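Just so we're clear, the structure is a prediction, and the values are computed from it rather than from any experiment.
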Amino acid sequence: MLQANSPKVQSHGAGSPFESSGGDGQQLAAPVLLQYWHVALRWKWMIAGIIIAALVAGLVVTLLTTPQYRATSRIEISRLQKNVTKVEGLEAPDTGRDLEFYQTQYSLLEARSLAERVSRKLGLASSEAFLAAHGAKPIAGFASAGTTAPTGKLAAGREKAVTDLLLRHVTIAPVRGSSLIDVSYTSASPQLSTAIANSWIEQFIAQSMDRRFASTADARLFLEGRLAELRAKVEQSERDLVNYGSDKGIVMLSQNHGADGKTQVERTLVAADLEALNDALSKATADRIAAESKASTASAAGSSEEALNNTAIASLRQRRAEVSADYAKMLIQFEPGYPAARALSAQLSALDASIAREEGRVTSSRYSAYQEAAKRERDLRQKVEQNKTRLNQQQRDTIQYNTFQREADTNRQLYEALLQRYKEIGVVGVGSNNIAIVDQAQVPTRPSAPSLLINMAAALLGGLVLAAIVTFALDQIDEGLRDPGQVSRLLHVPLLGSVPDVDEDKVLGMLGDGKSVLSEAYLTVRSSLAFSTDHGVPTSFMVTSTRPAEGKSTTSLGLAVVLGRTGKRVLLIDGDMRSPSMHLLVSLPNASGLSNLLAGENDWRSAVLETNIKGLSMLTAGPVPPSASELLSSDRMLILMRQLSEEYDHVVIDSPPILGLADSPLLSRAVEGCVFVVEAEGVAVRGIKASLGRIRAAHAHVFGVVLTKFKQANVGYGYGYGYGYGYGTASRD
C-alpha cells in the first residue's frame with residue numbers, strides 16, 4: 001500500500017495549512033482543536049465503546065440501586081448578636097461578619113455533637129430499622145428486641161457508627177442570597193428521613209440555646225458573688241449615713257437623685273427653720289418700722305388715720321357738730337347766759353373732753369403697738385442668729401455626711417447595675433431566638449434517587465472523560481508520526497512531501513494518471529528535491545526506510561515515473577537484493593540484474609530493461625545472492641554508478657530498509673544522498689531517529705523525509721489534499 005500527502009503543494013495546495021515556512025523545511029502545525037478532532041477520529045470506535053459501556057453501567061446501577069427518599073426542612077437563621085439584651089461588655093458589637101457567622105452556623109449544623117443529640121433523641125442506637133434504611137451491616141452488639149443494651153466500649157462504638165451514618169446522609173444547603181437553610185436527610189425509609197430531618201433542626205435550636213446558657217454560666221457565678229458583696233456594702237454604707245445624721249442632728253426634709261444617680265440634698269430641718277424665722281423677722285421688722293412711724297406722729301392724732309377711722313371719735317365729733325349747730329342757732333336769739341344756751345355750751349365742753357380722751361387713747365395704743373413690734377423683732381432676730389449658728393455647724397457636718405452619702409450612692413449604683421446584668425444574663429437564652437422553623441419536613445411520596453436522567457447524564461459525562469483520558473494515553477503511547485508538521489519538529493529533517501494512503505492495486509494506474517492525487521503527491525516530492533541541491537534534482541539518490549512495507553518501493557517508482565514524465569532519462573535500480581519486489585510492480589522478469597553486475601558481469605546495458613513508462617528504464621535486483629552486503633561493500637557499485645550516471649539523467653535506487661541490515665549504509669556511498677520514507681502512524685519516532693543516525697554515521701546526506709500512507713481522514717485541513725485542484729475527475733482513494 002502507498003501513501004501520502006504533501007504539505008508543500010506548490011501549484012495546487014493553496015488551501016493546505018502545512019505550508020513550508022522556508023527553505024529549512026519547517027512546517028506550521030494544524031490548529032489545536034483540529035488536531036484533537038483528528039485524534040478523536042483515529043480512536044472513534046474505542047471512544048464509542050467506552051461511552052456505550054459507561055451508559056450501560058449507568059443504566060444497570062440505576063436499576064439495581066435501592067430507592068432513596070429525601071426529606072427536607074427549612075429554617076431561617078437571623079444575624080445573631082450575642083449582646084441581645086444590650087448589656088455592654090458581653091461581646092463587642094462588631095464581632096463576626098455575616099460571612100463568618102453563617103459559615104459557623106453551617107458547620108454547627110454538620111457538627112458531630114448535633115448528630116449525637118439526634119441519635120439520643122430518636123433512640124437510633126437501638127433501632128434496627130435505622131440500619132436497614134441505610135443498607136448497613138448490623139453493628140456488633142446492636143441491641144435488639146428482648147436483649148440488653150451493651151455498655152462501655154461496645155456502646156460507644158455503636159454510637160459512633162450511628163453518628164457516622166447520620167453525618168454521611170445529612171445535607172446542609174444554604175439558599176443562595178438569603179438567610180434560609182435547607183436541612184435534608186436521605187434514607188430508604190421516607191418516615192425515617194422525615195423524623196430525622198425534623199429532629200435535626202429541633203435539636204439544633206435546643207443546642208443553640210444550651211450553648212448560650214452555658215456561655216453565661218461563669219458570668220452568673222461571678223455576678224452572684226459580687227452581688228452578695230455589694231449588698232453588704234450598700235447596707236453598711238446606708239447604716240453609717242443614717243447614724244451619722246442622727247448623731248449630728250441632720251434631718252433631711254427633701255432630696256432627689258441626679259442623672260448620674262447621685263443623691264442631692266435640697267433642704268434640711270435647720271435650713272427650713274432658718275428660712276421661716278428669717279421670713280418672720282423680715283415681717284416683724286416691717287411691722288416695727290410701721291409702728292414706729294405711727295408712734296412718731298402721735299401729736300397729730302386727731303388727724304391721723306386711726307382717729308379718722310375710729311367710730312367712737314367719729315360719733316362724738318358728729319354729736320358735737322349737731323350740738324354746736326344748735327348752740328349757734330340759740331345765740332342768734334339769746335344771749336350766751338341764757339340757760340338753754342349755757343346748757344348747750346356745757347354739752348359742747350363735755351363732748352370736746354370726750355373727743356380728747358378718745359384721741360389720747362388712740363395715741364397710747366400707737367406707742368404700745370410700737371413697743372410690741374420692737375420686742376417681737378428683737379426676739380426673732382435672736383432666733384435667726386441662733387439658727388444661723390446651727391446651720392453653719394450643720395454645713396460643716398454635712399461635708400462628712402455627703403461623703404457617706406456618695407459612698408452609699410456608689411455602692412447602690414454598682415449593686416443595681418450588677419443586679420440588672422444578672423437578670424439579663426439569666427434570660428439571654430430565651431429573650432430572643434434567632435432561629436426560626438420555616439417549613440418542617442413532610443413525608444416524601446416519591447424517591448429522590450436514583451434518577452435515571454441524572455445517572456445517564458453522569459454516565460455519559462464519565463464515559464466522555466474516561467474516553468478522553470484513554471484516548472490521550474493511547475495517543476501519547478502511539479509514537480508514530482501522525483502529522484506532517486511533526487517531521488521537522490521531531491526529526492529535524494526537511495519534509496519533502498506526504499503521500500496519501502491508496503489501494504496497492506491502484507498504484508500503477510494512479511502513477512500513470514498525471515491528474516491523480518498520487519501523481520500530484522510525488523510531483524510535490526520531486527519539486528522539493530529540486531531545491532535540495534544546487535543543481536536541481538539529484539543525479540543519483542536512493543530511497544530507504546526504517547523497516548519493510550513502509551512504501552519505499554512505491555516511492556522509488558513514483559519519483560522515477562515523475563522524473564521520466566519531465567523528459568528525463570531515468571534508471572530505477574532495485575537495490576533490495578534480499579527481497580526484490582520492484583520487477584513485480586512493473587511486471588518485468590528478474591532473470592539477471594544488479595546482483596549479477598556486482599558479482600562480476602560487466603555488461604550492464606544487457607541487464608537494463610526498458611519499461612512502457614515514458615523515460616523510465618529498470619535494473620532489477622537479479623538472483624538473490626548469498627551475501628548482499630559483501631557484494632555492496634566492494635568498489636564495483638561505485639564504478640557501476642559512475643557509468644550509469646554518464647548514461648542517465650537520474651538514477652534512483654530502491655534501497656533495503658535500514659534496521660538490522662548493512663545494505664543501505666553501503667549503498668549510500670555510491671549516491672549523492674537518500675530520500676527517507678516514513679510510514680504515517682508506523683515506526684516509533686525513536687526507531688526513525690536510530691535509522692537516520694545510522695545513515696548519517698555512513699556520511700550519507702539525507703535530502704528529506706517522505707511521509708507515506710497518510711490517511712485522508714486525518715487531514716482535515718483545506719479541501720482534500722489540495723491535489724487535483726481544478727481537475728474535477730481526480731481519484732481520491
Side-chain angles (χ1 to χ4, degrees), residues 538-557 559-560 570-586 588-609 617-648 650-678 683 687-688 690-703 706:
T539 303
S540 62
F541 61 89
M542 71 177 190
V543 180
T544 186
S545 63
T546 301
R547 67 182 183 185
E550 289 194 71
K552 61 177 181 60
S553 298
T554 306
T555 299
S556 301
L557 178 60
L559 290 175
V570 181
L571 176 63
L572 177 60
I573 300 176
D574 187 355
D576 189 359
M577 294 179 289
R578 299 175 185 270
S579 178
S581 61
M582 189 63 67
H583 63 283
L584 299 176
L585 290 177
V586 294
L588 291 176
N590 188 28
S592 64
L594 179 61
S595 60
N596 300 102
L597 297 177
L598 296 179
E601 293 186 10
N602 295 321
D603 187 9
W604 59 268
R605 298 181 186 277
S606 61
V608 173
L609 303 176
S617 301
M618 177 173 289
L619 177 61
T620 61
V624 177
S627 177
S629 58
E630 290 183 5
L631 294 179
L632 293 173
S633 61
S634 66
D635 293 335
R636 293 188 64 82
M637 187 65 190
L638 297 176
I639 297 171
L640 176 63
M641 287 301 299
R642 282 197 296 268
Q643 295 174 355
L644 295 175
S645 297
E646 293 174 358
E647 186 73 20
Y648 294 94
H650 301 287
V651 178
V652 180
I653 301 177
D654 177 23
S655 172
I658 295 176
L659 289 183
L661 301 175
D663 298 6
S664 292
L666 294 173
L667 280 172
S668 65
R669 299 180 304 162
V671 295
E672 291 186 53
C674 69
V675 173
F676 199 87
V677 173
V678 176
V683 181
I688 300 173
S691 300
L692 290 173
R694 288 196 63 192
I695 288 292
R696 291 192 177 105
H699 304 288
H701 177 61
V702 180
F703 295 124
V706 176

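Remark: P548 engages P657 in a side chain to side chain contact (heavy atoms under 4.5 Å, CB included) (not counting sequence neighbours). For S540, there are no side chain to side chain donor-acceptor pair (under 3.5 Å) partners two or more places apart in sequence or in a different chain. For V702, the side chain to side chain contact (heavy atoms under 4.5 Å, CB included) partners are V493, C674, F676, L692, I695, not counting sequence neighbours. Residues passing the side chain to side chain donor-acceptor pair (under 3.5 Å) test with S592: none are found, sequence neighbours excluded. Residues passing the ring pair (Phe, Tyr, Trp, His ring centres under 6.0 Å) test with F541: none are found, sequence neighbours excluded. Legend: residues meeting side chain to side chain donor-acceptor pair (under 3.5 Å) with S606, ordered by chain and number and at least two apart, are D603. By the side chain to side chain donor-acceptor pair (under 3.5 Å) test, T546 is found to be paired with S691, residues two or more places apart in sequence or in another chain being considered. Taking the salt bridge (Lys or Arg N to Asp or Glu O under 4.0 Å) definition, one finds that E601 meets it with nothing, sequence neighbours left out. Take P665 and apply the side chain to side chain contact (heavy atoms under 4.5 Å, CB included) test, not counting sequence neighbours, and it matches R694, A698. For R547, the salt bridge (Lys or Arg N to Asp or Glu O under 4.0 Å) test picks out E679, with sequence neighbours left out.
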Point to revise | Candidate pair L598 and L632, rule side chain to side chain contact (heavy atoms under 4.5 Å, CB included), full reasoning | key: CA-CA 7 Å; L598 296 179; L632 293 173; 3.7 Å; yes
Practice item. Check the pair L571 / W604 against side chain to side chain contact (heavy atoms under 4.5 Å, CB included), numbers first and verdict last. Key: CA-CA 12 Å; L571 176 63; W604 59 268; 5.7 Å; no
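A donor-acceptor contact closer than 3.5 angstrom is absent between the side chains of T620 and D574.
Residue pairs meeting the side chain to side chain donor-acceptor pair (under 3.5 Å) criterion with at least one partner in residues 657-669, sequence neighbours excluded, are T544-S664, R578-D663, S655-S664. For residues 619-638, there are no salt bridge (charged side-chain N to carboxylate O under 4.0 Å, His left out) pairs, not counting sequence neighbours.
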